[in-house]
Structures are given as structure tokens and as C-alpha cells.
Amino acid sequence: MNIVILTGAGISAESGLGTFRDKDGLWTRYRIEDVATPEAYARNPALVHEFYNLRRQGLRTAVPNAAHFALAELERRHGGDFLLVTQNVDDLHQRAGSQNVLAMHGELQNALCAGCGHVWSAPDLMFAEDRCARCDVNLCRPDLVWFGEDVRFLDQIIEATEKADLFALIGTSGNVHPAAGLMALAWESGAATVEINLEPSAVASAADRVILGRATEVVPVWVDETLTNAVRLRK
Ligand code: OAD
């Protein structure tokens with residue numbers, strides 16, 4: 001059985017990292033156009049760094065939760081191709097033991113030189129004055145995908161989604177494309193589709209099954225059930 005999972009901020013919410021569009025979400029306190037676009041960085045890099053420095057700080061004390069660990073176990077035990085696509089820029093899936101992870105919106109723990117493309121492990125704090133160790137230009141930024149930029153690994157993600165037997169969307173509101181279109185693509189390509197969220201997402205109509213609940217409670221139960229079915233299919 002080929003499995004593709006798409007995760008969003010909701011899977012890390014119970015690790016203490018904020019979501020974007022829920023009540024008290026990041027986008028209720030900050031404007032996307034002030035902190036998450038190339039234009040914002042060109043206009044006010046200090047503010048953009050301040051926003052991501054705070055998020056990097058939050059990530060330092062966060063630990064993976066039961067939902068992250070359950071997905072790592074699913075990958076280890078199900079016996080087939082497995083791809084975990086995440087929109088999250090935290091590294092909690094990797095820290096929980098997931099191996100085949102594609103971070104389509106980049107990684108907060110890395111820094112990128114917008115001048116020469118050099119990537120390195122980000123320090124806790126980044127500043128507009130920082131200079132790239134390779135080209136000495138002060139265009140250092142978090143290694144993230146901002147609105148208006150291309151997401152990463154899209155061809156690989158689409159190919160895996162089209163081949164999936166089971167596609168699960170977990171903890172994402174389904175508002176940001178192209179990630180939001182993947183469940184419909186999986187469904188049209190013949191996969192069984194499941195959504196796990198606190199509330200139905202904007203793309204819940206493409207789900208064969210919607211499970212509502214907190215990720216730490218419902219994802220481990222769903223993983224157990226999926227592993228039981230996978231073993232039954234192999235017999
Ligand atoms: P959102 O904040 O839009 O959605 C969070 C989702 O998680 C919602 O569907 C909630 O119902 C669900 N949720 C919240 N707490 C949960 C919990 N404990 N258990 C299960 N589900 C829970 O976040 P994303 O959909 O991930 O992009 O946002 C997508 C993209 O928008 C982000 O990657 C980011 C943002 O702008 C960029 O910055 C490019």
C-alpha cells in the first residue's frame with residue numbers, strides 16, 4: 001500500500017507551536033504581507049527576522065507529540081511506499097523519526113543567502129545586517145517559502161500523490177495552494193482519502209472520511225487502524 005500524508009500546523013499545535021488561521025493564530029496577529037513575502041523582506045528585513053526569530057525560539061523548546069510519533073511508526077511498519085509531505089517549517093516530524101519527509105514550505109532551522117543560494121544551519125537569531133559566509137552579501141533570510149514563491153519538491157509530491165492508495169490530510173485548513181489541491185488529486189487518482197482536523201478543512205469534500213479531534217488523540221488511533229488493515233491486506 002502506498003501512503004501519502006500531508007500535514008499542516010494543526011499537527012504541531014499540541015507541541016506548543018501556533019497555527020495560522022485558528023483563533024489566536026499567527027495571521028490574526030501579523031499580516032502576511034508584512035512578514036511572509038519577498039516584498040516584506042525587501043521593505044523591512046528587520047521585522048521579518050524578528051518574526052522568524054520568535055518562531056525559531058518557540059521551536060527550540062518544542063518537542064514532537066504523539067501524532068508525530070504515530071506517523072513515524074506508520075512509516076516504519078506499514079510495508080510499502082510512504083511519503084510525508086509537510087507544510088510545516090518546524091522539524092518535529094524528523095525529530096520523531098520520520099524518514100521520507102518533504103518540507104514543501106522550507107525549514108525554519110536553515111538560513112539561505114538570497115544572493116548566492118548558500119544554505120546553512122540558522123543561528124538562533126538572524127539580523128538584517130548578517131553577511132553570507134560564502135559571498136559576503138547581507139541578504140540572509142530564513143530558508144522558507146514565502147507567499148508568491150514556488151513551493152519545493154512539487155513534481156515529486158504530485159507523482160507520489162497520483163500513485164497513492166491512501167492519502168491523509170492532517171491538521172491543515174486547506175487554504176494554501178498547491179498543498180490544498182493534493183487531496184482532490186489523490187481522490188481523482190483513485191486513492192482512499194481521509195482528513196483529520198479539529199474542524200473540516202476547506203477541501204473536506206475530497207475526503208472519503210473525515211475524523212474530527214485533537215491530533216494527539218485521533219492520529220495514533222487512526223495509525224493503529226491503518227496498520228491493522230495493512231497487515232490484513234498483506235495476508
Ligand atoms: P492553518 O492555521 O491554516 O490550519 C490549522 C488547521 O489545524 C486547522 O484546520 C485546524 O482545525 C487544525 N488544528 C488545530 N489544532 C489542531 C489539533 N490540536 N489537532 C488537529 N488539528 C488541529 O495552518 P495550515 O493549514 O498548516 O504557509 O497553513 C498552511 C500554510 O499557511 C502554512 O504552511 C503557512 C501559512 O501561511 C506559508 O507561510 C507559506
Side-chain angles (χ1 to χ4, degrees), residues 5-41 47-49 51-52 54-56 58-59 62-71 84-93 96 101-110 112 141-154 157 168-184 194-207 209-223:
I5 310 273
L6 171 69
T7 63
I11 196 160
S12 297
E14 291 164 79
S15 293
L17 301 180
T19 62
F20 295 96
R21 295 173 184 78
D22 292 310
K23 190 168 75 64
D24 301 327
L26 281 169
W27 296 154
T28 65
R29 286 175 281 139
Y30 296 89
R31 291 179 347 139
I32 288 176
E33 53 274 34
D34 289 339
V35 294
T37 66
E39 294 76 19
Y41 178 70
L47 177 68
V48 172
H49 280 305
F51 175 72
Y52 289 103
L54 278 174
R55 297 188 60 202
R56 213 177 288 108
L59 187 52
V63 290
N65 65 46
H68 298 105
F69 285 115
L71 293 183
L84 176 44
V85 179
T86 188
Q87 299 166 89
N88 297 345
V89 296
D90 64 49
D91 56 354
L92 297 184
H93 285 303
V101 183
L102 294 180
M104 71 190 298
H105 289 170
E107 297 182 51
L108 185 59
Q109 302 283 44
N110 287 340
L112 163 73
R141 52 169 283 184
D143 186 22
L144 301 170
V145 174
W146 283 326
F147 285 90
E149 296 181 323
D150 291 337
V151 302
R152 308 200 176 154
F153 314 114
L154 189 58
I157 291 168
L169 171 149
I170 303 175
T172 171
S173 63
N175 279 300
V176 176
H177 284 271
L182 292 174
M183 188 157 66
V194 57
E195 161 165 341
I196 301 177
N197 254 327
L198 274 189
E199 292 167 8
S201 74
V203 294
S205 59
R209 180 179 174 201
V210 176
I211 303 170
L212 298 182
R214 290 154 63 92
T216 57
E217 289 161 17
V218 293
V219 172
V221 175
W222 174 75
V223 163

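This is a predicted model, so every value here is computed, not measured. Counting convention: from 1, in listed order, for ligands and their atoms alike.
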Report task. Tell me the residues surrounding ligand 1, counting only those with a heavy atom closer than 4.0 angstrom, sorted by chain and number. Result -> G8, A9, G10, A13, E14, T19, F20, R21, D22, W27, Q87, H105, V145, F147, G171, T172, S173, V176, N197, L198, E199, G213, R214, A215
Query raised in the report: Taking C-beta and beyond as the side chain, do V35 and W27 meet within less than 4.5 Å on heavy atoms?
Result: yes
Requested in this report: Not counting sequence neighbours, which residues clear side-chain contact (heavy atoms from CB on, under 4.5 Å) with V210? List them please.
Outcome: E195, A204, A207, L212
Requested in this report: For a side-chain contact (heavy atoms from CB on, under 4.5 Å) with T7, tell me which candidate from L169, V85, N88 qualifies.
Outcome: N88
Query raised in the report: With sequence neighbours left out, what residues match N110 under side-chain hydrogen bond (donor to acceptor under 3.5 Å, both in side chains)?
Result: none
Query - Counterpart residues, side-chain contact (heavy atoms from CB on, under 4.5 Å), relative to P220 (two or more places apart) - result: A66, A70
Requested in this report: Would you check if there is a donor-acceptor pair between the side chains of H93 and S12 at a distance under 3.5 Å?
Outcome: no
